[in-house]
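Encoded as structure tokens, the structure appears first; notes follow it.
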Amino acid sequence: MSGSATTLPPPHDRAAAERGLAQWEEETGAPVGAAERPLLAAIFGNSPYLAGLALREPETLMRLLAEGPDAAFGAALDLVVAPDPGASRAQLGEILRTAKRRAALAVAAADIAGLWPLERVTGALSAFADAALQAAVAQLLREAEARGEVRLRSGDDPARGSGLIVLGMGKLGARELNYSSDIDLVVLFEPEAGAYHGDNPLAFFVRIARDLVRLMEERTPGGYVFRTDLRLRPDPAATPLAVSVEAALTYYGALGQNWERAAMIKARPVAGDRAAGAAFLAELRPFVWRKHLDFAALRDVHSIKRQIQAHRGGATIAVAGHNLKLGRGGIREIEFFAQVQQLIWGGRDPGLREPATLPALAALTRAGLVQERTRAELAEAYRFLRRIEHRLQMIDDRQTHTVPAEAEGLARLAAFAGFDSVAAFAAELTHHLGRVERHYAALFEEAPELGGPGSLVFTGVEDDPDTLATLRRMGFANPSGVAATVRGWHHGRPRATRSARAREILTELMPALLAAFARQKEPDQAFARFDAFLTHLPAGVPLFSLFQRNPALLDRVAAICGAAPLLADYLARHPPVLDGLLDGARPDRSVARPLGRLLAEARHLEEAMDVVRRVVHERAFLIGVATLEGTLDADRAGLARARLADAALKALLPRVARDFASRHGRIAGGGMAVVALGKLGGREMMAASDLDLIMLYEHAPGAETARGGSGRRLTPPEYFGRLAQQFVTAITAPTGEGKLYDVDMRLRPSGNKGPIAVQLAGFARYQTEEAWTWEHMALTRARVIAGPPALRRRAAEAIRAALARPRDAAKVREDAGALRARIAKEIPPFSPWDVKYRPGGLLEAEFVCQVLQLIHAARTPSVLAGSTTASLRALAAAGALEAAEAARLERAARLFRAVQGVLRLTVGKPRSTEDIPAPVAEALCRATRAAGLPDAVDLHALGAQMQAAAREVRAAFNTHVADLGPVDAGPDA
């Protein structure tokens with residue numbers, strides 16, 4: 001093409017070139033001749049880094065100018081190949097850093113001057129890295145021998161037989177190091193080699209690995225040797241710096257991924273016990289090279305790059321800011337073009353197992369798998385891109401692959417690469433990038449399109465820049481964290497992703513999965529909750545396949561993780577509940593029969609407790625999801641939760657009583673009943689509601705102690721007190737299935753000071769003679785839900801008798817008003833969204849209902865109807881409330897319960913509208929519609945409805961209980 005690079009680039013910064021030439025003459029004492037001037041000007045005028053090296057190591061350049069690059073580089077390499085064996089570690093470090101400066105200068109000059117081809121440049125850089133690593137390993141092993149930790153063989157190579165293996169990976173392994181490259185290493189050890197003499201080989205070899213990295217990376221005024229990366233070892237986030245050979249082989253055999261197979265194509269022993277390293281790679285050969293044609297690898301290895309979306313033309317490749325390595329048409333696509341085909345065919349044709357890119361392309365062409373024209377164009381592009389990459393890195397010794405985005409930096413790079421204009425450079429670069437892109441896309445024409453919003457690559461150990469940008473555009477605030485989590489999935493950290501098939505399906509699913517979580521208000525939090533769910537999943541293939549066949553289920557799970565922490569946490573701990581989302585059954589159907597069948601198979605109490613917990617939790621989860629999705633209104637959900645709790649307690653009480661009796665005997669004619677109050681008593685339970693319970697008991701007259709059992713005989717109060725305590729423990733104790741419910745028994749006679757179980761006669765007497773008005777208000781919700789039928793009947797009669805006795809209406813109103821005022825002072829509402837405690841809120845609606853029930857029950861017992869809704873209707877039927885007013889109160893209470901039900905499942909206690917994310921806002925609006933209330937289009941409309949409802953409730957409270965004044969006309973919720 002026109003505008004091709006010249007042999008020696010002219011200086012971009014001519015003033016810097018002149019200053020550098022003057023300094024050179026001053027440092028060396030020799031004038032710059034015509035022969036050496038172009039090279040020196042190219043160095044001083046284009047690269048501050050090389051200019052500094054030239055002035056610090058002028059002898060290297062002088063030797064190169066006089067004897068050629070091989071002599072200059074050889075002199076630098078000699079410093080490393082045979083260092084003084086008596087040198088200290090610090091002295092060796094200085095030797096290595098000096099040699100690195102000289103080698104870097106010699107290689108750069110040979111490259112800039114066009115004296116070496118690409119293979120010689122990258123080969124020299126790799127050879128120097130090998131020598132430096134070998135010298136460093138020898139030093140560290142000799143030090144360990146001096147401490148008595150190892151016994152080394154004599155001779156020139158102390159590492160031979162040491163059991164320490166240092167594999168070069170990536171460009172080092174393929175002898176393709178770039179100018180400012182990290183060196184990718186895997187450090188392994190063979191504890192059975194016999195050289196190590198100690199009790200903890202892992203700790204020893206990890207320390208060797210750490211010291212090796214430190215020796216390579218330590219920066220002093222003399223520079224550094226190499227940046228070193230150990231993250232290509234098996235599962236680097238979960239393994240130490242050095243991994244035993246056995247552990248590595250186990251990992252690759254069970255969890256090795258196709259991208260790791262591709263990485264191992266380039267692996268070679270570069271230091272340490274190289275014979276042991278070669279033996280390890282030989283044993284790993286079946287993992288890398290499959291015997292049969294591996295077209296599955298084409299599908300899966302393409303996930304390394306295919307999620308980037310192989311563009312098939314139509315868009316312009318930008319030059320400024322383009323990543324030469326990872327961007328479209330870049331070096332990585334050429335490498336993958338070769339590696340994918342090597343993985344497919346290399347198991348049958350050993351001639352394809354070339355680690356370096358250009359020889360691999362040639363081998364594929366000889367085998368007839370790649371056309372000669374394709375090979376030639378890719379090879380030409382590879383050489384060009386690597387040369388530009390080297391120029392880019394030589395400027396400031398930065399490990400960068402990105403073309404400068406600003407005009408000055410772009411002009412400097414173009415000049416340093418030998419182009420007479422930025423336009424000429426841009427034309428040449430886009431020419432090669434376009435060619436690579438077309439060839440790469442053609443290779444994967446038959447691969448399925450994954451769709452998605454852009455690049456989504458989670459292979460390897462580094463974050464893909466385009467992937468991070470895609471995740472950021474999708475709305476993730478911590479794209480690196482998301483990428484690291486997905487890489488952990490592919491490493492098989494969760495059990496669900498330890499099979500190759502699970503990881504393959506997950507790869508296909510990833511764009512849709514991430515898009516589903518990106519649609520949530522807080523994508524990172526939703527994603528983290530899904531990760532917790534995945535961690536507890538026993539197997540992944542069934543679920544991932546289900547998500548593939550049923551994308552709506554994935555959206556439902558994402559919505560749960562995004563909007564309902566309570567449900568998401570339960571889902572994480574109990575993944576099987578997902579089955580309930582698919583069976584289509586009503587979440588409010590009865591569980592009594594299935595629970596009874598399951599309990600019949602429980603052999604002991606602990607097993608029965610787990611059965612009850614599992615059934616209750618699974619059904620409560622489905623009720624919560626239905627509430628969130630608006631398919632079950634708050635009142636039906638409250639009723640369903642209450643029925644669920646009723647069934648659980650009814651099933652559990654006989655098992656607890658039987659277990660207790662087996663140890664403590666029985667009381668003649670004795671029995672215990674469970675009375676529910678509060679939300680459970682009124683059948684209006686919310687998610688995570690605790691249970692307000694009272695335990696009542698009876699026994700035969702004259703029964704003094706229990707009969708049977710072992711140990712001291714218990715009196716009836718002792719017996720039923722302990723039985724009640726064991727029953728509460730059975731409800732509240734955490735087991736493998738979690739906790740069933742929290743229990744609150746403060747509503748029993750005398751509160752926390754009273755006995756935990758109360759004899760029925762004493763309970764009736766207390767309610768008649770001693771109970772406060774607020775206790776009778778609470779008693780309006782009472783239901784006897786478990787226990788012997790006769791005792792349940794007598795307990796219900798006692799409760800009704802306590803409520804139906806005549807009362808002083810003024811005293812009831814006065815006490816209730818005082819209680820409301822005290823509550824307002826002690827428990828102020830956290831915000832207008834506190835629908836229970838806000839002025840005119842749910843509590844006041846319930847107070848109106850309960851006060852009127854107590855006042856009118858003696859004359860009209862039918863007003864004792866249980867739930868708020870039923871009681872309001874009964875009060876209206878009895879004439880205690882006007883029908884219109886009862887309807888307004890019923891509507892307001894239903895609105896507040898709908899809001900409370902969703903908030904309980906989601907954000908808990910929002911301080912303002914801004915604290916309510918969009919998915920929760922949508923769920924709130926759905927809940928009001930499901931409850932048959934006026935449609936709220938957004939939160940502000942819903943807030944206005946709540947404010948209007950609060951005014952109506954407060955007006956009723958002022959009329960029927962006590963005058964607290966109007967509700968403030970403040971801002972809506």
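The first residue in the sequence is number 1, and the count goes up from there.
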Using modelled atom types only, decide if a donor and an acceptor are shared between the side chain of Gln520 and the backbone of Ala516 within a distance under 3.5 Å.
yes

What do the steps show when you test Tyr179 against Gln399 for side chain to side chain donor-acceptor pair (under 3.5 Å), and what is the final call?
CA-CA 8 Å; Tyr179 189 74; Gln399 192 202 11; over 6 Å; no

Output for pair (Asn478 CG, Arg472 CZ), nearest 0.5 Å, gives 9.5 Å

Quick check: does any side chain N or O of Glu389 sit under 3.5 Å from a backbone N or O of Leu324, one acting as donor and the other as acceptor?
no

Carboxylate-amine/guanidinium contact Arg151 Glu145, below 4.0 Å:
no

For the atom pair CG (Asp184) and NZ (Lys266), what is the distance rounded to the nearest 0.5 Å?
11.0 Å

Nearest 0.5 Å please: distance from the CG atom of Asp235 over to the OH atom of Tyr252.
10.0 Å

Residues two or more places apart in sequence or in another chain: which of them pass side chain to side chain contact (heavy atoms under 4.5 Å, CB included) with Ala528?
none

With a 3.5 Å distance limit and no angle check, can you tell me whether Ser181 reaches the backbone of Ile183 through a side-chain donor-acceptor pair?
no

Contacts of Phe533 that satisfy ring-ring contact (aromatic ring centres under 6.0 Å, His included) - sequence neighbours left out
Phe530

Contacts of Asp397 that satisfy salt bridge (Lys or Arg N to Asp or Glu O under 4.0 Å) - sequence neighbours left out
none

Side chain to side chain contact (heavy atoms under 4.5 Å, CB included) partners for Arg207, two or more places apart
Arg147, Glu149, Phe204, Asp211

Would you check if the side chain of Glu217 reaches a backbone N or O of Arg227 as a donor-acceptor pair within less than 3.5 Å?
no

So Phe517 and Phe527, would you call those rings parallel, tilted or perpendicular, with 30° and 60° as cut-offs?
perpendicular

Using the test side chain to side chain donor-acceptor pair (under 3.5 Å), find all partners of Arg175 that sit at least two apart in sequence or belong to another chain.
none

With sequence neighbours left out, what residues match Ser480 under side chain to side chain donor-acceptor pair (under 3.5 Å)?
Asp463

Trace of the salt bridge (Lys or Arg N to Asp or Glu O under 4.0 Å) decision for Asp273 with Arg160:
CA-CA 5 Å; Asp273 191 341; Arg160 185 162 50 91; over 6 Å; no

Any sub-3.5 Å donor-acceptor pair from Arg268's side-chain atoms to Gly173's backbone N or O?
yes

Tell me whether Lys100 forms a cation-pi arrangement with Phe128, defined as NZ or CZ under 6.0 Å from the six-membered ring centre and within 45 degrees of its axis.
no

As a quick check of understanding, evaluate side chain to side chain donor-acceptor pair (under 3.5 Å) for Thr220 and Arg97, giving each step before the final call.
CA-CA 9 Å; Thr220 72; Arg97 286 185 283 273; 3.2 Å; yes

Test salt bridge (Lys or Arg N to Asp or Glu O under 4.0 Å) applied to Arg519 - qualifying residues, sequence neighbours left out
Asp555

Looking at Thr357, is its backbone amide N or carbonyl O close enough to the side chain of Glu176 to form a donor-acceptor pair, meaning the two atoms are under 3.5 Å apart?
yes

Using atom types as modelled and distance alone, determine if a side-chain donor or acceptor of Gln134 lies under 3.5 Å from a backbone N or O of Val270.
yes

State the CZ-CG distance between Phe547 and Leu506, to the nearest 0.5 angstrom.
10.5 Å

Listed partners of Arg210 passing side chain to side chain contact (heavy atoms under 4.5 Å, CB included), at least two apart
Val206, Arg214, Leu241

What verdict does the side-chain contact (heavy atoms from CB on, under 4.5 Å) test give for Val186 and Ile165, after you've listed the backbone C-alpha separation in whole Å, the side-chain angles of each residue and the deciding distance to 0.1 Å?
CA-CA 8 Å; Val186 171; Ile165 299 169; over 6 Å; no

Say whether, by atom type as modelled, one donor and one acceptor occur between the side chain of His401 and the main chain of His322 under 3.5 angstrom.
no

Can you sort out the partners of Gln342 under side chain to side chain donor-acceptor pair (under 3.5 Å), two or more places apart, ordered by chain and number?
none

Sub-3.5 Å donor-acceptor pair from the side chain of Asp182 to the main-chain atoms of Thr228, do we have one?
no

Residues in side chain to side chain donor-acceptor pair (under 3.5 Å) contact with Thr239, at least two apart in sequence or another chain:
Arg233

Spacing of CG belonging to Asp531 relative to NE2 belonging to His536, to within rounding of 0.5 Å
10.5 Å

With sequence neighbours excluded, what pairs up with Asp610 under the side chain to side chain contact (heavy atoms under 4.5 Å, CB included) test?
Arg613, Thr735, Glu737

Given Glu508 and Phe544, is the side-chain contact (heavy atoms from CB on, under 4.5 Å) satisfied, shown in steps?
CA-CA 10 Å; Glu508 301 285 346; Phe544 300 152; over 6 Å; no

Could you pull out all residues at least two apart from His617 that satisfy ring-ring contact (aromatic ring centres under 6.0 Å, His included)?
Tyr570, His574

Using modelled atom types and a 3.5 Å cut-off, is there a donor and acceptor pairing between side-chain atoms of Asp157 and backbone atoms of Ala159?
yes

